[in-house]
Number of protein chains: 2
Amino acid sequence: MISRKPRPDSEGERRGKRPTINDIARLAQVSKKTVSRVINDSPFVREETREKISAIIKELGFAPDPQARGLAFRRSFLIGMIYDNPTPQYVVNMQQGILDAMKGTSFELVIRPCNRQDPHFLADMRAFVERQKLFGVVLPPSVSEDERLIQVLDEIDCPYVRIASIALDEPDAMVVTHDHVGGMEAARHLTRLGHTRIAHISGPTLFRSAHERRRGFTQGLAEAGLKLPKEFDREAAYTFESGVEAAAALLALKPRPTAIFCGNDEMAAGVYKAARDAGLSIPGDVSVVGFDDSAMASRLYPLLTSVKLPIHDMGEMAAAKLIARTRERRAHVQEKTEVVPELVARESSAAPKG
Amino acid sequence: MISRKPRPDSEGERRGKRPTINDIARLAQVSKKTVSRVINDSPFVREETREKISAIIKELGFAPDPQARGLAFRRSFLIGMIYDNPTPQYVVNMQQGILDAMKGTSFELVIRPCNRQDPHFLADMRAFVERQKLFGVVLPPSVSEDERLIQVLDEIDCPYVRIASIALDEPDAMVVTHDHVGGMEAARHLTRLGHTRIAHISGPTLFRSAHERRRGFTQGLAEAGLKLPKEFDREAAYTFESGVEAAAALLALKPRPTAIFCGNDEMAAGVYKAARDAGLSIPGDVSVVGFDDSAMASRLYPLLTSVKLPIHDMGEMAAAKLIARTRERRAHVQEKTEVVPELVARESSAAPKG
DNA sequence: CTCATCAAGGTAACCGGTGTCATGTACTGT
DNA sequence: ACAGTACATGACACCGGTTACCTTGATGAG
């Protein structure tokens with residue numbers, strides 16, 4: 001129960017002290033440079049020597065000091081995640097994905113939420129990345145869309161991988177999420193159910209994701225010969241409240257839509273509320289489709305049909321691309337780069353009445 | 001749209017290169033050691049000298065390299081957050097709190113989810129903390145309750161702050177969350193509404209939080225002369241599914257409880273489902289109170305009454321304690337250490353029928 | 001007036017690795 | 001048998017700071 005217990009007196013030996021590269025070198029009777037070569041997989045080490053050194057390293061549980069190594073490399077072993085996405089589920093899943101990609105490597109994840117509106121935004125990010133000499137950064141939307149930030153990162157020569165709904169960059173600096181396919185799937189799902197009066201509540205269209213989801217959606221409607229009339233096309237803010245408001249307006253129209261596709265689950269939850277307020281039932285009077293397939297989707301009643309993006313995998317892929325830059329110097333350049341959303345049908349969507 | 005733009009040829013000057021302590025020393029015509037003294041607020045620098053150096057530092061926008069500094073200090077400027085809490089909202093809020101405490105300092109946050117069941121758990125954590133020479137770690141529940149981990153941290157002499165529902169350690173290594181007060185508030189709320197048959201679904205009681213919430217709850221019931229009968233006292237797993245199951249059992253009892261207090265919101269959502277399945281209305285037939293006040297609480301219908309813990313502030317306080325260790329060598333030792341949950345009454349709790 | 005004391009700052013080694021280049025060996029080819 | 005080359009390794013400076021220790025001039029006590 002005591003926080004800082006006195007440490008037992010250390011006996012003469014290097015008790016408690018982690019071994020250094022010098023210790024290894026001494027034991028292996030080689031220079032520390034050779035040990036360094038083994039650590040860094042240099043090809044210029046005799047197999048025999050390598051094995052001897054490796055054995056000692058393993059035995060002593062030696063691991064090089066990332067700070068010292070970083071200092072010499074002029075680059076740290078930290079990967080940053082810079083984000084402004086307010087959805088906790090999204091953030092946590094992506095973090096986990098990145099961490100999974102780093103598993104077994106000596107990289108660590110440093111996180112950095114930010115606000116693109118802040119006047120210090122660019123200066124802060126520059127200072128952060130430059131000071132920490134980040135090995136690379138993962139940029140989920142919407143920071144991935146900020147060209148000013150990209151310019152800063154290019155200037156200070158910091159590798160990055162952008163996660164976005166369209167290809168904004170070279171393949172090895174991108175994970176493309178094809179949000180428009182998700183929109184299309186939503187449209188297909190609803191038209192197949194027989195809906196014809198279908199509305200959309202999009203996120204702020206200055207977010208590419210919102211734009212792409214909407215684009216795919218209208219495209220999907222077009223496949224069935226349908227259009228998205230102006231009065232059925234509302235832009236909201238990706239928030240619950242804005243969803244309530246937009247949905248209330250839609251549900252007051254005559255004739256009202258029999259289905260609503262929302263740019264995310266938060267706004268879909270807003271539709272639930274607006275529908276209750278208007279005395280309408282889901283999916284009896286209106287079908288609802290969300291986007292994200294967040295935890296909420298399976299807690300709401302009725303269970304929300306939603307489009308799911310493999311956020312964890314996106315993070316993992318992005319980090320893997322970053323890590324690949326050293327591992328095998330641009331070896332298999334074209335790792336998997338694209339991800340496609342999938343519709344998860346639940347209870348909130350059904351054929352329209354009559 | 002190109003990821004790695006060629007950098008403009010650097011002119012003779014140190015274009016693009018960050019200044020080092022040597023640059024500052026040269027310009028100020030002092031030794032680098034004196035610059036170092038200024039950086040570290042050593043008292044042995046003449047005011048005049050200090051000002052001259054500070055001015056140059058500011059002008060050049062110099063910031064010492066954390067790796068080099070860390071290497072010499074034998075300690076990094078990274079603060080770790082080790083967690084196993086699966087609730088994204090919780091994780092993100094706490095992260096944000098920690099980051100807010102670090103704002104303006106040169107610390108960065110490294111996150112590390114873990115699984116206490118994993119056989120490598122302790123070894124992994126030791127390697128992580130020791131390799132990175134973490135400045136300190138923040139331990140939210142339930143890792144904060146793991147005495148083996150604490151022992152490891154003590155051994156490698158890594159400072160930590162534990163966030164837990166009871167005082168497990170010295171005040172400067174703790175943030176105490178008094179979960180039992182939350183349980184008590186829930187009990188008071190329900191008894192005041194007139195309920196007498198009140199049930200509880202707790203989290204796994206090997207989690208202190210679950211145990212404390214339950215303890216406070218029974219204590220609150222006792223204040224009103226009530227007991228928690230055995231059949232009204234269920235232990236579940238903090239998950240939605242386990243909540244459904246436990247609630248179904250409770251609602252099948254005769255007479256059934258008129259109110260259920262849940263150890264978290266996830267399980268409360270489970271009660272909603274079980275109630276619907278049983279054809280019971282909330283709060284008409286059963287009142288429900290959750291714990292966490294997660295985002296879900298205000299998306300569910302009816303809005304969930306829940307007990308709220310200031311998670312962001314807990315993270316902030318914990319990190320502040322860590323940082324205070326250097327800032328002003330154990331100056332005001334007794335920073336604020338305790339936090340009290342608050343009940344947020346919404347629609348899911350009302351007076352019992354009749 | 002001398003010596004101890006202290007503030008203010010400098011010097012050099014060091015933290016734990018890596019880069020550069022020199023050196024020594026063992027094969028090649030002729 | 002001998003230069004030429006490729007491989008394997010070591011010596012040493014360096015990354016950008018800090019610690020430990022030393023010097024210097026000024027001040028005060030005896």
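Numbered from 1 within each chain, the chains take letters A, B, ... in sequence-line order. Bear in mind the structure is a predicted one, so any value in this text is a computation, not a measurement.
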Review item, side-chain donor-acceptor pairs of residues 106-117 of chain A, under 3.5 Å, at least two apart:
{"from": "A/E108", "atom 1": "OE1", "to": "B/R112", "atom 2": "NH1", "distance (Å)": "3.2"}
{"from": "A/E108", "atom 1": "OE2", "to": "B/R112", "atom 2": "NH1", "distance (Å)": "3.2"}
{"from": "A/R112", "atom 1": "NH1", "to": "B/E108", "atom 2": "OE1", "distance (Å)": "3.1"}
{"from": "A/R112", "atom 1": "NH1", "to": "B/E108", "atom 2": "OE2", "distance (Å)": "3.2"}
{"from": "A/N115", "atom 1": "OD1", "to": "A/Q117", "atom 2": "N", "distance (Å)": "2.8"}
{"from": "A/R116", "atom 1": "NH1", "to": "A/D146", "atom 2": "OD2", "distance (Å)": "3.2"}
{"from": "A/R116", "atom 1": "NH2", "to": "A/S142", "atom 2": "O", "distance (Å)": "3.3"}
{"from": "A/R116", "atom 1": "NH2", "to": "A/S142", "atom 2": "OG", "distance (Å)": "3.0"}

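- Using modelled atom types, one finds no donor on one side chain facing an acceptor on the other under 3.5 Å when comparing B/K32 with B/T20.
- Within 4.0 Å (heavy atoms only), B/S31 reaches at least one base atom of the nucleic acid.
- Atom P of nucleotide D/dT18 and atom CD1 of B/I24 are separated by 12 Å, given to the nearest angstrom.
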For a quick test of your reading: what N or O donor-acceptor pairs under 3.5 Å do the side chains of residues 43-56 of chain A make, sequence neighbours left out?
{"from": "A/R50", "atom 1": "NH2", "to": "A/S42", "atom 2": "O", "distance (Å)": "2.9"}
{"from": "A/K52", "atom 1": "NZ", "to": "A/A28", "atom 2": "O", "distance (Å)": "3.2"}
{"from": "A/S54", "atom 1": "OG", "to": "A/R50", "atom 2": "O", "distance (Å)": "2.8"}

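- The distance from atom CZ of B/R126 to atom CZ of B/R148, rounded to the nearest 0.5 Å, is 12.5 Å.
- The stretch residues 42-59 of chain A touches DNA chain D through A/P43, A/F44, A/V45, A/R46, A/T49, each having a heavy atom within less than 4.0 Å of the strand.
- In the helix from C/dC1-D/dG30 to C/dT30-D/dA1, the end axes, each obtained as the rotation axis mapping the C1' atoms of four pairs onto the next four within a five-pair block, lie 40° apart to the nearest 10 degrees.
- Between the C1' atom of D/dC14 and the CG atom of B/L71 lies a distance of 13 Å, rounded to the nearest Å.
- Checked by distance alone, B/K32 brings no side-chain donor or acceptor within 3.5 Å of a matching partner on the base of D/dG16.
- The distance from atom CD of B/E130 to atom P of C/dG16 is 12 Å, rounded to the nearest whole Å.
- A distance of 6.5 Å separates CG of A/L78 from CD of B/Q132, quoted to the nearest 0.5 Å.
- Comparing D/dG17, D/dG16, D/dG10 by their nearest atom to the side chain of B/I21 picks out D/dG17.
- Distance B/N22 CG to D/dC14 P: 12 Å, rounded to the nearest Å.
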Set out, in order, the CA-CA distance, both residues' side-chain angles and the distance that settles side chain to side chain contact (heavy atoms under 4.5 Å, CB included) for A/V138 and A/Y83, then state yes or no.
CA-CA 9 Å; A/V138 174; A/Y83 66 94; over 6 Å; no
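- Atom CZ in A/R69 sits roughly 16 Å away from atom C1' in C/dC15 (whole-Å rounding).
- Between the side chain of A/R162 and the backbone N or O of A/L139, no donor-acceptor pair lies under 3.5 Å.
- B/I163 and B/A318 make their closest contact through CD1-CB, 3.9 Å (heavy atoms, listed as atom of the first residue, atom of the second, distance).
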Which pairs, protein N/O on one side and nucleotides 19-23 of chain C N/O on the other, fall under 3.5 Å?
{"from": "C/dG19", "atom 1": "N7", "to": "A/K33", "atom 2": "NZ", "distance (Å)": "2.8"}

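- Under a 3.5 Å cut-off, the side chain of B/R131 and the backbone N or O of B/V129 do not form any donor-acceptor pair.
- The separation between B/Q67 atom CD and C/dT18 atom P is 13 Å, rounded to whole Å.
- Using modelled atom types, one side-chain atom of B/R18 and one backbone atom of B/A63 make a donor-acceptor pair closer than 3.5 Å.
- When rounded to the nearest whole Å, the span between CZ of A/F77 and P of C/dG17 equals 11 Å.
- Checking B/A68 against B/V30, the closest nucleotide of DNA chain C that is more toward the 5' end is the one next to B/V30.
- Each salt bridge (charged side-chain N to carboxylate O under 4.0 Å, His left out) pair with one or both residues in residues 56-65 of chain B, not counting sequence neighbours, appears once here: A/K133-B/D65.
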